[in-house]
Amino acid sequence: MREDNFVHSKIEKKWQDIWEAEGAFKATDDYSKPKFYGLIEFPYPSGAGLHVGHPRSNTALDIIARKRRMEGYNVLYPIGWDAFGLPTENYAMKNGIHPAIVTKQNVDRFRTQLKSMGFAFDYSREVNTTDPNYYKWTQWIFIQLFKKGLAYKAEMPINWCTSCKVGLANEEVVGGKCERCGGEVVRKVKSQWMLRITDYAEKLLDGLDTVDFIEKVKIQQKNWIGKSTGAEVRFFIPAANDSVTVYTTRPDTLFGATYMVLSPEHPLVDAMKDKIANFQDVIAYRETAARKSDFERTESKEKTGVRLEGIEAKNPVNGSMIPVFISDYVLMTYGTGAIMAVPAHDERDWDFAKAFNIPMIEVVAGGNIEEAAFTDIATGTMVNSGFLNGMSVSQAKKAIIEYLDKEGIGKPKTNYKLRDWVFSRQRYWGEPIPVVYCEKCGHVTLPEDQLPLTLPELEKYEPSGTGESPLVQCTDWINTTCPVCGGPAKRETDTMPQWAGSSWYFLRYIDPHNDNELASKEALEYWLPVDWYNGGMEHTTLHLLYSRFWHKFLYDIGAVPTAEPYQKRTSHGMILGEGGEKMSKSRGNVINPDDIVSEIGADAFRLYEMFMGAFDQAIPWSTQGARGCRRFLERVWRLQGMVTDGEVRPEMASEYHSMLKKVTEDYERMKFNTAIAAMMSFVNSLYSKGSVTKGELKGLLLVLNPVAPHITEEMFSTLFDEGRIYNHAWPIADESLIKEDTVEMAVQVCGKVRAKITVPAGSSDDAVKDAALADETVKKLIEGKQIKKVIVIKDKLINIVAI
RNA sequence: GCGGGGGUGGCGGAACUGGCAGACGCGCACGUUUGAGGGGCGUGUGGGCAACCGUACGGGUUCAAGUCCCGUCCUCCGCACCA
């Protein structure tokens, strides 16, 4: 006699051990089978342990992966550790422990936690970005990038986090603050390793049309890449006997340019300094601008600037001389760092012109330029623009570009907002950059047979604060010989950013123990692309874009067989605290998954995370709600006391098969909440019947298994002698049995529901009408009225319009 | 400001191409089982005594609108002087 109560602690560990012993979730090398590669973003093993957010993504793809396995696929669902990074380094610094030791402790804890939740990961393929056998290949990729000229060193202003004392990529600066620590970010000029992601802007954009990413991810990536088309136009400056090139998306408004603005840092400003009467003012303005943090600079849209006295530029189409300003609303980092200003048709120029009392020329009729800049490109007509007059904006755009090209004063030009990727970090706990600097040969990459270049042991990990990496202390390590000339050389002391290791980890899962290549050709051919990748929206412009860039590069050099790494990308919503605010330590509303698992069990925890609401939306946590899910599992468990032999009963067939169908479809659409609701309804029906057959219960267990693997495995093994549920075939709904014999239809009179009638399914419109008109309530309502119209929606509703 | 979501009971949320709003769960109430408690099982649960009214607000289209159209407000997320 089995125990009456469902005691999760007795079965969950038991099945986890059995799965492990049986190698249940190992991907095989049987390349003849259809494959499924499901991927979740590998976690950063922080000291805080797993967050309730991790299991949401993990469970979702766990459901898909388990379902695919039951459908006969060879499934790869791997896990690993994105373990380089600042928090570990900071912890190590504070406690005097080597980061590698901290990492190992954290990884062990994470692994234990993940295992306690029964995820069907293939742990035999674990990767760890801090493992030299792993980062050997991260370094290898960097060397390939270097060889193709895509990695370069540049002296440039970078985003410097004053708190982390480290340079950040543009993508890591959020609202002028450090994305990680919230510290203030200032500009600092430093020599940095850069990756030419801008060379891939067009490919990254085009590739989006070939993949199945949720729309908002595509939109965000497109916006981030920020492609715009326009023209570059040369303006001659007689005083300097030089010309300056501007970029504009509105060359059609060229006749309306009444001044020009250079970025304060524009090199021409210095070149012209003898000609600028008020150069002192220029210097003063520059200093103020430089002192502003990025945040201050964007905080106020009020226009400031300095007119360059004695300098004028010549408008190439009408010869008029226009004043030249410097202003910080023009960015050195975009376009050419110089603009032509058309105040009548650009909001920013309009603001600036108002502030500096500069005249405007209307060149597109249709608005009121006294009130505001007229920027509508769809309706306006060209005026005051010589040969463009009378044209539409789009016609004018074409005509002027042709003209500029012909006259040799301008040419069409495409620009991107995307910036090159700042790839240096002044930190210890990252991949060493495999480059040495030799006085004679310059920057030289290490020969590939010298990889991995491992991190040296250090006494302390503190950054110097001056912007140097902690590795500068390590003179033994730094001083080396040049691989090219054999002369003395110094190693690079900056390390790679955390995004390096995560840009290609999905490739390593495919062949994680390969010492000769990043992964074997055959394995890559078989497993790529990742079929389904789920992760957070916060990685859309960071990790997701970076890894697509690396992958496309690897594709171009023939290292991988697909142009895109991920076929499908979905995204989960955040789990909020019980009050609806973000979960955070400071708010004290953090839910520890371990507590939930020990109270209600892993199955109930998984079930709740999938049931709590729409998968892609942010949902507040509710421990009560989670207990409700536990109750459902107990109800399922108690079905064992009501079970009788037999297949699916005829009277249950329709409900049973529509439940199977609904669950099967909803899993695929990530509508886990409604899939679970369907199973709950089915169980409620069984309870009102007071019994369940083995056939019915088996189907339920099979479709419930991906969400609640332990309880279903346990019940399946007790009730059926058919091996494990995890590799049992997925049940197929029989559509022909879903149809009911009779249906209940709503009867509306003049659009209001007044009655219900039960008719045979598929009844003709006339039969339905007769049945409806026979209803007493309906009779009364239409008494003495004339029936104007009758609308019948088959098997659903009839509406009688009577006046 | 621009781009993308979202606004439905006390709460989380359902509702396919317009077709019975509120599935499923939480909470609550009552009944029942039990020595009590807990738990289970069952019933009820948008508002209103009612006719009726109800999906942020105001209009519209339609036999029929949460769903479509026009306008307004609120909220969350991303980007933000990108020429």
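Just so we're on the same page: letters track the sequence lines, and every chain starts at 1.
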For the pair made of CD1 in Ile800(A) and P in C20(B), what is the distance, rounded to whole Å? 16 Å
Kindly state whether the ring of Phe352(A) and the ring of Tyr259(A) have centres lying under 6.0 angstrom apart. yes
If I take atom CE in residue Met340(A) and atom P in nucleotide C81(B), what distance separates them, rounded to the nearest angstrom? 20 Å
Taking only N and O in the side chain of Arg754(A), is any of them less than 4.0 Å away from OP1 or OP2 of C52(B)? yes
Between Met745(A) (CE) and C20(B) (P), how many Å, whole number? 11 Å
Side chains of Tyr329(A) and Lys303(A) in contact at under 4.5 Å (non-hydrogen atoms): yes
Determine the interplanar angle of the Phe605(A) and Trp621(A) rings, folded into 0 to 90°, and report it as parallel if under 30°, tilted if 30 to 60°, perpendicular if over 60°. tilted
When rounded to the nearest Å, what value does the distance between P atoms of G19(B) and C28(B) take? 35 Å
Describe the nucleic acid contact of Thr248(A) in one word from base, sugar-phosphate, nothing, applying a heavy-atom distance below 4.0 Å. sugar-phosphate
Taking for Ala614(A) and for Asp795(A) the nucleotide of RNA chain B with the nearest heavy atom, the one nearer the 5' end belongs to Ala614(A)
Is the phosphate of A83(B), meaning OP1 or OP2, less than 4.0 Å from a side-chain N or O of Tyr247(A)? no
Rounding to an integer number of angstrom, what distance separates C16(B) and U67(B) when you compare their C1' atoms? 11 Å
For Lys689(A) and C41(B), what is the distance between atoms NZ and P respectively, to the nearest whole Å? 18 Å
Nearest-nucleotide pick for Leu331(A), side chain only, options being A83(B), G3(B), C41(B): A83(B)
Which value, in whole Å, describes the distance between the P atoms of nucleotides A83(B) and C77(B)? 26 Å
Can you tell me, in whole Å, how much space there is between the C1' of G66(B) and that of G22(B)? 11 Å
Is any side-chain heavy atom of Val217(A) closer than 4.5 Å to one of Met537(A)? yes
Nearest to side-chain heavy atoms of Ile219(A), which nucleotide of C81(B), G3(B), A83(B): G3(B)
Would you say G25(B) has OP1 or OP2 under 4.0 Å from some side-chain N or O of Asn684(A)? yes
For nucleotides G27(B) and C11(B), find the distance between their C1' atoms and express it as a whole number of Å. 7 Å
Arg627(A) vs G27(B): side-chain N/O to OP1/OP2 distance below 4.0 Å: no
With a 3.5 Å cut-off and heavy atoms only, can you find an N or O donor on one side and an acceptor on the other between the side chain of Lys303(A) and the base of C81(B)? yes
Assign the ring pair Trp637(A) / Phe6(A) to parallel, tilted or perpendicular, where the plane angle (0 to 90°) is split at 30° and 60°. tilted
Taking the same atom, C1', in U32(B) and in G38(B), what whole-Å distance lies between them? 16 Å
Can you tell me the base-pairing partner of A65(B)? Count Watson-Crick or G-U wobble geometry only, both distances below 3.5 Å, and say none if there is no partner. none
Look at all strands and tell whether Gln748(A) reaches a base, only sugar-phosphate, or nothing, counting heavy atoms closer than 4.0 Å. base
Side-chain heavy atoms of Val707(A) within contact of Tyr667(A), under 4.5 Å: yes
What nucleotide, of C24(B), G6(B), G4(B), holds the atom closest to the side chain of Gln617(A)? G6(B)
Given G12(B), G19(B), C63(B), the nucleotide with the shortest approach to the side chain of Ile619(A): G12(B)
Let's see if you can work this out: which of C24(B), G3(B), A23(B) has an atom nearest to the side-chain heavy atoms of Thr674(A)? A23(B)
Does the side chain of Arg635(A) get closer than 4.0 angstrom to OP1 or OP2 of G25(B) through an N or O atom? no
For Glu744(A), answer base if it contacts any base atom (sugar-phosphate contacts may also be present), sugar-phosphate if it contacts only those atoms, and nothing otherwise; contact means non-hydrogen atoms under 4.0 Å. base
So which nucleotide does U34(B) pair with, by the Watson-Crick or G-U wobble rule with both distances under 3.5 Å? none
Round to the nearest Å and state the distance from Lys756(A) atom NZ to A21(B) atom P. 8 Å
Between G27(B), C20(B), C24(B), which one does the side chain of Phe611(A) approach most closely? C24(B)
In whole angstrom, give the distance that lies between atom CD of Glu302(A) and atom P of C81(B). 16 Å
C1' spacing across the pair A65(B) / C24(B), given as an integer number of angstrom: 25 Å
If only side-chain N and O atoms of Lys789(A) are considered, is one of them under 4.0 Å from the OP1 or OP2 phosphate oxygen of C63(B)? yes
Both distances under 3.5 Å, Watson-Crick or G-U wobble: report the partner of C2(B), or none. G78(B)
Check whether any side-chain nitrogen or oxygen of Arg669(A) sits under 4.0 Å from OP1 or OP2 of C16(B), and answer yes or no. no
Ignoring backbone atoms, establish whether Lys752(A) has a side-chain N or O less than 4.0 Å from OP1 or OP2 of C53(B). yes
Among the candidates G40(B), A80(B), A83(B), find the nucleotide nearest to the side-chain atoms of Ser228(A). A83(B)
Main-chain N/O of Thr777(A) paired with Asp775(A) side-chain donor or acceptor, under 3.5 Å: yes
Check this one for me: any side-chain N or O of Asn673(A) less than 4.0 Å away from OP1 or OP2 of A14(B)? yes
Which listed nucleotide (C81(B), G19(B), G25(B)) is nearest to the side chain of Asp328(A)? C81(B)
Nucleotide of G40(B), G42(B), A80(B) approaching Trp224(A) most closely (side-chain heavy atoms): A80(B)
Nucleotide U17(B), atom C1' - distance to NZ of Lys796(A) in whole Å: 10 Å
Separation of atom CD in Gln624(A) from atom P in C11(B), rounded to whole Å: 16 Å
By nearest-heavy-atom nucleotide on RNA chain B, the more 5' of Ala677(A) and Gly335(A) is Ala677(A)
Given G40(B), C20(B), C24(B), which nucleotide is nearest the side-chain atoms of Ala746(A)? C20(B)
By the Watson-Crick or G-U definition, both distances under 3.5 Å, C28(B) is matched with G44(B)
4.5 Å side-chain heavy-atom contact, Ile800(A) and Arg754(A): no
Is the shortest side-chain N/O distance from Gln220(A) to OP1 or OP2 of G78(B) below 4.0 Å? no
Any idea if G27(B) is syn or anti, going by the 90°-from-0 cut? anti
Taking atom P in both U72(B) and U45(B), compute the distance separating them and give it to the nearest angstrom. 41 Å
Ignoring hydrogens and angles, state whether a donor on the side chain of Glu578(A) or Thr623(A) is under 3.5 Å from an acceptor on the partner side chain. yes
Give a yes or no on whether the backbone of Thr304(A) and the side-chain of Ser327(A) come within a donor-acceptor separation of less than 3.5 Å. yes
